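The next block holds one structure in the form of structure tokens; read it before the comments.
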There are 2 protein chains.
Amino acid sequence: MGSLDASLVCDLPPFEHMARQDIAALLERARSIRVEKGAAVFGQDEAAHSFFLLLDGHVRVVRVTPDGEQVIARYISSGELMGIAQALGRSTYPASAIAAVDCVVLAWPGAMWTEVVSRYPGFASNTYKTVGSRLQDAQDRIVEMATERVEQRVANAVLKLAAQTGRRTEEGILIDLPISRQDISEMTGTTLHTVSRLMSAWEAAGWVKSGRQRIVVVEGHKLMLLAGGAK
Amino acid sequence: MGSLDASLVCDLPPFEHMARQDIAALLERARSIRVEKGAAVFGQDEAAHSFFLLLDGHVRVVRVTPDGEQVIARYISSGELMGIAQALGRSTYPASAIAAVDCVVLAWPGAMWTEVVSRYPGFASNTYKTVGSRLQDAQDRIVEMATERVEQRVANAVLKLAAQTGRRTEEGILIDLPISRQDISEMTGTTLHTVSRLMSAWEAAGWVKSGRQRIVVVEGHKLMLLAGGAK
DNA sequence: TCCCGTGTTTGACGCAGCGCAAACTCGACC
DNA sequence: GGTCGAGTTTGCGCTGCGTCAAACACGGGA
């Protein structure tokens with residue numbers, strides 16, 4: 001809490017091309033919060049009182065359907081903005097954000113957004129860039145769900161996670177957050193059973209190693225072949 | 001072409017809360033274009049040279065997958081913005097926009113966007129509101145694709161079209177643009193065969209009437225029951 | 001160390017919906 | 001009015017994957 005050094009965050013995409021003093025001014029108005037694993041940063045349909053920057057950790061963005069099923073919209077990694085409902089003229093959060101591990105988050109009051117836009121246009125434009133790629137991602141996923149079959153989608157999801165949160169180890173690329181078969185199934189619109197079967201097959205082929213809430217990608221290129229060949 | 005009266009468009013959502021003279025100034029810098037049925041307003045992966053407002057007609061936003069399949073992202077109706085890639089910091093269009101009927105479109109040079117943002121903040125904020133609901137829509141569709149089965153998705157798509165472009169007739173609500181089974185299948189991630197079978201069943205039940213590129217919703221509430229019950 | 005709970009694996013079975021194929025119908029154009 | 005092509009309908013077989021069910025394994029807490 002209190003004063004946070006601008007130099008810690010000035011390289012993050014949301015602050016790109018901003019003057020150091022503007023960054024410092026922005027940080028000054030943020031509250032820093034610790035969120036422990038499993039807790040919600042914000043909840044679906046809740047009034048959007050704040051917008052956030054994830055400083056450290058990983059956050060799962062989840063939607064619950066009317067009949068209680070969960071769909072994982074995306075994982076947020078440190079350095080990314082989240083809960084920017086007010087930038088898009090919405091008064092509630094469209095999904096819940098659940099800490100996948102213990103996290104540190106910066107929070108700004110939502111009412112500040114309009115002021116931010118006029119005072120720090122660079123920050124606003126960076127934010128909209130984020131929104132743009134998020135819209136892009138969403139459309140990509142729609143196309144994927146509409147045209148690809150389960151094995152390809154699961155391979156894609158694993159590869160995306162590996163690229164986003166992967167850590168090199170001697171075994172291969174470790175997905176560096178606790179993630180269950182169930183989670184993967186909620187990212188890909190299938191069941192944990194099917195995911196388990198697929199991962200078993202990949203493990204038998206030596207493409208991945210996996211355990212309880214743990215996945216290591218050994219031969220990523222084999223998965224890429226499944227997930228759409230060329231590209 | 002040339003001077004377009006601000007009063008014609010000032011009630012459209014993109015111009016909400018804007019001063020009449022600002023609207024007029026904006027319009028002055030737009031080119032008005034006629035696009036005939038089947039022609040593209042802009043193309044996927046093309047450099048984003050302009051952004052657009054659909055004045056009259058209906059436009060299909062389509063993505064083509066690497067292996068040649070098409071997915072319909074959405075239909076745009078008159079009064080909506082489209083191709084606003086530069087507002088999101090993108091340099092190419094993520095999809096193609098094809099006129100579903102003869103259309104009239106306003107086009108602004110893309111390079112103008114930054115100027116627009118600073119000079120007409122109301123317009124920018126309206127634009128971002130649009131983006132927000134589009135992102136919302138996209139997420140909704142992901143959830144739908146992940147959790148609902150084909151019949152429900154098709155019912156949803158038909159209802160959405162009816163709500164968006166429907167015209168009351170004595171038979172029921174007519175979807176007022178030429179739309180094939182194939183189109184519906186590309187909106188829902190299924191095949192034209194399955195769509196045809198479903199629509200035949202609905203027609204037999206008296207819920208819809210349909211013909212060649214033509215759908216009339218007779219008993220919308222029956223479709224809603226399919227498409228997620230309560231809500 | 002043992003126990004218990006949560007996550008995972010695997011099998012058996014059924015069916016929604018896709019692929020393929022063929023026939024039909026309507027509208028447009030000559 | 002006849003012809004042609006695009007859009008539609010319908011049947012049939014097959015299969016990917018969901019559902020149900022049961023056993024299994026790992027890790028953390030007592």
Side-chain angles (χ1 to χ4, degrees), chain A residues 36-38 60 65 67-72 98 100-101 144-158 175 177-205 207-216 226-227, chain B residues 37-38 60 65 67-72 98 100-101 144-158 175 177-205 208-216 226-227:
Chain A
E36 64 181 21
K37 178 175 169 174
R60 218 194 345 258
T65 65
D67 43 80
E69 284 186 280
Q70 295 216 344
V71 176
I72 298 184
I98 311 292
V101 296
E144 194 190 352
M145 297 278 303
T147 62
E148 269 157 33
R149 43 197 49 202
V150 171
E151 184 169 33
Q152 305 176 317
R153 300 205 304 268
V154 173
N156 260 337
V158 170
I175 292 176
L177 51 83
I179 187 155
S180 69
R181 308 290 182 260
Q182 173 82 29
D183 293 330
I184 304 264
S185 77
E186 285 171 3
M187 299 177 69
T188 51
T190 179
T191 62
L192 78 160
H193 306 277
T194 298
V195 172
S196 176
R197 273 181 254 265
L198 289 171
M199 302 257 313
S200 296
W202 296 347
E203 185 134 24
W207 300 352
V208 303
K209 283 181 194 293
S210 72
R212 196 192 185 71
Q213 308 208 97
R214 187 170 164 286
I215 301 175
V216 181
L226 285 181
Chain B
K37 177 175 170 176
R60 218 195 344 257
T65 66
D67 43 81
E69 285 186 279
Q70 295 217 343
V71 177
I72 298 183
I98 311 291
V101 297
E144 193 190 352
M145 298 277 303
T147 62
E148 268 158 36
R149 44 196 49 202
V150 170
E151 184 169 32
Q152 306 176 315
R153 301 206 303 268
V154 173
N156 260 337
V158 170
I175 292 176
L177 51 83
I179 188 154
S180 68
R181 307 292 182 260
Q182 173 82 26
D183 293 330
I184 304 264
S185 75
E186 286 172 2
M187 299 177 69
T188 51
T190 180
T191 62
L192 78 160
H193 306 277
T194 299
V195 172
S196 175
R197 272 181 258 266
L198 288 172
M199 302 258 311
S200 296
W202 298 346
E203 183 134 25
V208 303
K209 285 182 194 292
S210 73
R212 196 193 184 71
Q213 309 209 94
R214 186 169 164 287
I215 301 175
V216 181
L226 284 181

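Chain naming here is simple, since letters A, B, ... match the order of the sequence lines and numbering starts at 1 in each. Keep in mind the model is a prediction, meaning the values are calculated, not measured. Keep in mind that the numbers below use all heavy atoms, side chains included, and drop hydrogens, waters and symmetry copies.
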field: Distance below 4.0 Å between A:Ser196 side-chain N/O and C:dT9 OP1 or OP2
entry: yes
- line: Separation of C:dG17 atom C1' from A:Met145 atom CE, nearest Å, is 15 Å
message: So for the helix from C:dT1-D:dA30 to C:dC30-D:dG1, with five pairs setting each end axis, what is the inter-axis angle to 10°?
response: 40°
message: Nearest whole Å is fine: how far is C:dT25 C1' from B:Arg214 CZ?
response: 15 Å
field: Side-chain N or O of A:Ser200 closer than 4.0 Å to phosphate OP1/OP2 of C:dT10
entry: yes
- request: Any chance you could measure A:Thr147, atom OG1, to B:Glu186, atom CD, to the nearest 0.5 Å?
  value: 11.5 Å
- line: When rounded to whole Å, the CG to P distance for the pair A:Leu192 and C:dT9 reads 10 Å
- request: Quick one: pull up CD1 in A:Ile179 and CZ in A:Arg214 and give me the separation to the nearest 0.5 Å.
  value: 13.5 Å
- line: Rounded to whole Å, the CD1-C1' distance (A:Ile179 to C:dT6) equals 16 Å
- request: May I have the distance from B:Met199 (atom CE) to D:dT10 (atom C1'), rounded to whole angstrom?
  value: 15 Å
field: Distance in angstrom units between A:Lys209 NZ and C:dT9 P, rounded
entry: 14 Å
query: When A:Ile215 is tested against each of A:Lys209, A:Arg181, A:Glu203 for side-chain contact (heavy atoms from CB on, under 4.5 Å), which residue passes?
result: A:Arg181
- prompt: Sub-3.5 Å donor-acceptor pair from the side chain of A:Thr188 to the main-chain atoms of A:Ile184, do we have one?
  reply: yes
query: What string of B, S and - do you get for nucleotides 17-30 of chain D 5' to 3' if you count protein non-hydrogen atoms under 4.0 Å?
result: SSBBB---BBS---
message: Please report the distance, rounded to the nearest Å, between CD in B:Gln182 and C1' in D:dA6.
response: 12 Å
- prompt: Roughly how far, to the nearest 0.5 Å, is the CZ atom of B:Arg197 from the CD atom of B:Glu151?
  reply: 13.0 Å
- request: Check side-chain hydrogen bond (donor to acceptor under 3.5 Å, both in side chains) between A:Gln70 and all other residues, then give those that pass, not counting sequence neighbours.
  value: none
query: From A:Glu144 CD over to A:Arg153 CZ, what is the distance, rounded to the nearest 0.5 angstrom?
result: 7.0 Å
message: Could you tell me how far apart A:Leu226 (CG) and D:dG16 (P) are, to the nearest whole angstrom?
response: 14 Å
message: What's the separation between atom CG in B:Asp183 and atom CZ in B:Arg60, rounded to the nearest 0.5 Å?
response: 4.5 Å
query: Between NE2 of A:His193 and CD of A:Gln182, what distance do you get to the nearest 0.5 Å?
result: 8.5 Å
